There are 2 protein chains.
Amino acid sequence: MTVIFSKKCELALQAVLFLSIKPKDEFLSARDISKELQLPKEFISKVLQKLTETGIVGSKKGKTGGFFLAKDPSEIRLIQIVETIDGLGVFEKCVLGFPGCSPDNPCPLHNKWGHLRDEAFKMLTEFTLAELKDSAEKKIGNLKFDIL
Amino acid sequence: MTVIFSKKCELALQAVLFLSIKPKDEFLSARDISKELQLPKEFISKVLQKLTETGIVGSKKGKTGGFFLAKDPSEIRLIQIVETIDGLGVFEKCVLGFPGCSPDNPCPLHNKWGHLRDEAFKMLTEFTLAELKDSAEKKIGNLKFDIL
DNA sequence: TTAATTACAGATTATTTTGTCTTTAATTGA
DNA sequence: TCAATTAAAGACAAAATAATCTGTAATTAA
Ligand code: SF4
Ligand code: SF4
């Protein structure tokens, strides 16, 4: 079973969301994030490293180092995170997995699926971290008390 | 990078679509299908075996044996194929991959995503093989001449 | 200056998914 | 009956993905 995003990407979304609810000038270590989100530490840091390359998050080495959002949450669109981690391939691919299908002979699914795909893309480009901040805050707050 | 469906499932869709464009009383061997769709033979037969369990396709062993659609194309909904191969988990899962999220405190994505997911589900339940037959026919016909 | 802490980079391992191979049982035509 | 053909079943191999580990360089506090 697969989903739209890879696990890596889901994790990245969570981690960045977590960064967004913290004060802007605070450095969060991978360890802190992993502890709070209950996710593998090294995986976190690897993913965040990737995101530093694209300038979405910043990092500082050393004793008080850690990660932080490099931009204002309102400047970070979800699609940017997806793109960095997974790429945008999903949004181009055929549902049926047919090779070499050209859209001049589209099957009935093509239009419907294409539309949904575009909607998903639109959703991810429209939403910024700022819009998710509030509910993410509650959500991550709850996380500690969740059994699963 | 992952997509909505697993490769197995894509392949199943293609194989079943292929069966649907053949005369009802014709047995198609896994080898024939694999040859025509240019896909691994054993994978095909494995997937079709799965689909025989759910009664979507039928099979016959022996010299003139092979696979065939057990129902009329208009009776086979795409979702049934997806369900047998991948299950319906995708349509229940959270985009962000948060564990233990309850819908009483939905993040802004939840509704949007939920809607898209439902649309996808609806699309797959509404479409039957019959509706895809015609264009699949052309599509598979072209397949042989495609470079990739 | 030194010890501690942290991101960083890359190797390594584990797990899952995908694909192949081998063997068996059923069916048919010769 | 017998040889050929095929699905079925499941072991096996390869590849992709996820997760861990190890060592290094940067930074800071003492
Ligand atoms: S026309 Fe159908 S088969 Fe071709 S790319 Fe679109 S969805 Fe896929
Ligand atoms: S509310 Fe948000 S985090 Fe929770 S299940 Fe829905 S999409 Fe996922």
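Predicted model, so just to flag it, every value in this text is computed and none were measured. Letters A, B, ... mirror the listed sequences (proteins, then strands); counts begin at 1. Keep in mind that the numbers below use all heavy atoms, side chains included, and drop hydrogens, waters and symmetry copies.
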**Request:** Have a look at A:Phe67 and say if it touches a base, only the backbone sugar-phosphate, or nothing, with a 4.0 Å heavy-atom cut-off.
**Result:**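 Counting heavy atoms under 4.0 Å across all strands, the contact made by A:Phe67 is with sugar-phosphate only.
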**Request:** Name the nucleic acid region contacted by A:Leu11, choosing base, sugar-phosphate or nothing; use a 4.0 angstrom heavy-atom cut-off, strictly under.
**Result:**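 Counting heavy atoms under 4.0 Å across all strands, no contact is made by A:Leu11.
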Is any side-chain heavy atom of [Y] closer than 4.5 Å to one of [X]?
X       : Y       : answer
B:Leu88 : B:Ile79 : yes
B:Lys71 : B:Gln80 : yes
A:Asp86 : A:Phe5  : yes

**Prompt:** Does B:Lys7 put a side-chain nitrogen or oxygen below 4.0 Å from OP1 or OP2 of C:dG19?
**Reply:**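 Yes, within the criterion.
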**Message:** Of the listed nucleotides (D:dT20, C:dT18, D:dT6), which one gets closest to any side-chain atom of B:Arg31?
**Reply:**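 Out of D:dT20, C:dT18, D:dT6, the nucleotide with an atom closest to B:Arg31's side chain is D:dT6.
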**Among D:dT20, D:dG10, C:dA7, the one nearest B:Lys46 by side-chain distance** =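 From the listed options, D:dG10 comes nearest.
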Between [atom2] on [N] and [atom1] on [X], what's the gap in Å once rounded to a whole number?
X       : N      : atom1 : atom2 : answer
B:Gln49 : D:dG10 : CD    : C1'   : 10 Å
A:Glu42 : C:dT12 : CD    : C1'   : 13 Å
A:Glu10 : D:dA18 : CD    : C1'   : 12 Å
A:Lys50 : C:dA9  : NZ    : P     : 11 Å
B:Phe43 : C:dT18 : CZ    : C1'   : 5 Å
A:Phe5  : D:dT17 : CZ    : C1'   : 17 Å
A:Leu28 : C:dA7  : CG    : C1'   : 14 Å
A:Glu26 : C:dT6  : CD    : P     : 13 Å

[X], [atom1]: over 12 other non-hydrogen atoms inside 6.0 angstrom:
X       : atom1 : result
B:Lys8  : NZ    : no
A:Lys22 : NZ    : yes
B:Lys50 : NZ    : no

**Prompt:** Distance-only, no hydrogens or angles: does the A:Glu75 side chain make a donor-acceptor pair with backbone N or O of A:Asp72 under 3.5 Å?
**Reply:**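 Checked: no pair found.
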**Item:** Strand contacts (DNA chain D) in residues 56-65 of chain B, 4.0 angstrom heavy-atom criterion
**Value:**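 The answer is B:Ser59, B:Lys60, B:Lys61, B:Gly62, B:Lys63, B:Gly65.
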**Item:** Earlier contact from the 5' end, DNA chain D, for B:Ser45 and A:Lys41
**Value:**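 Its nearest nucleotide being more 5', the pick is B:Ser45.
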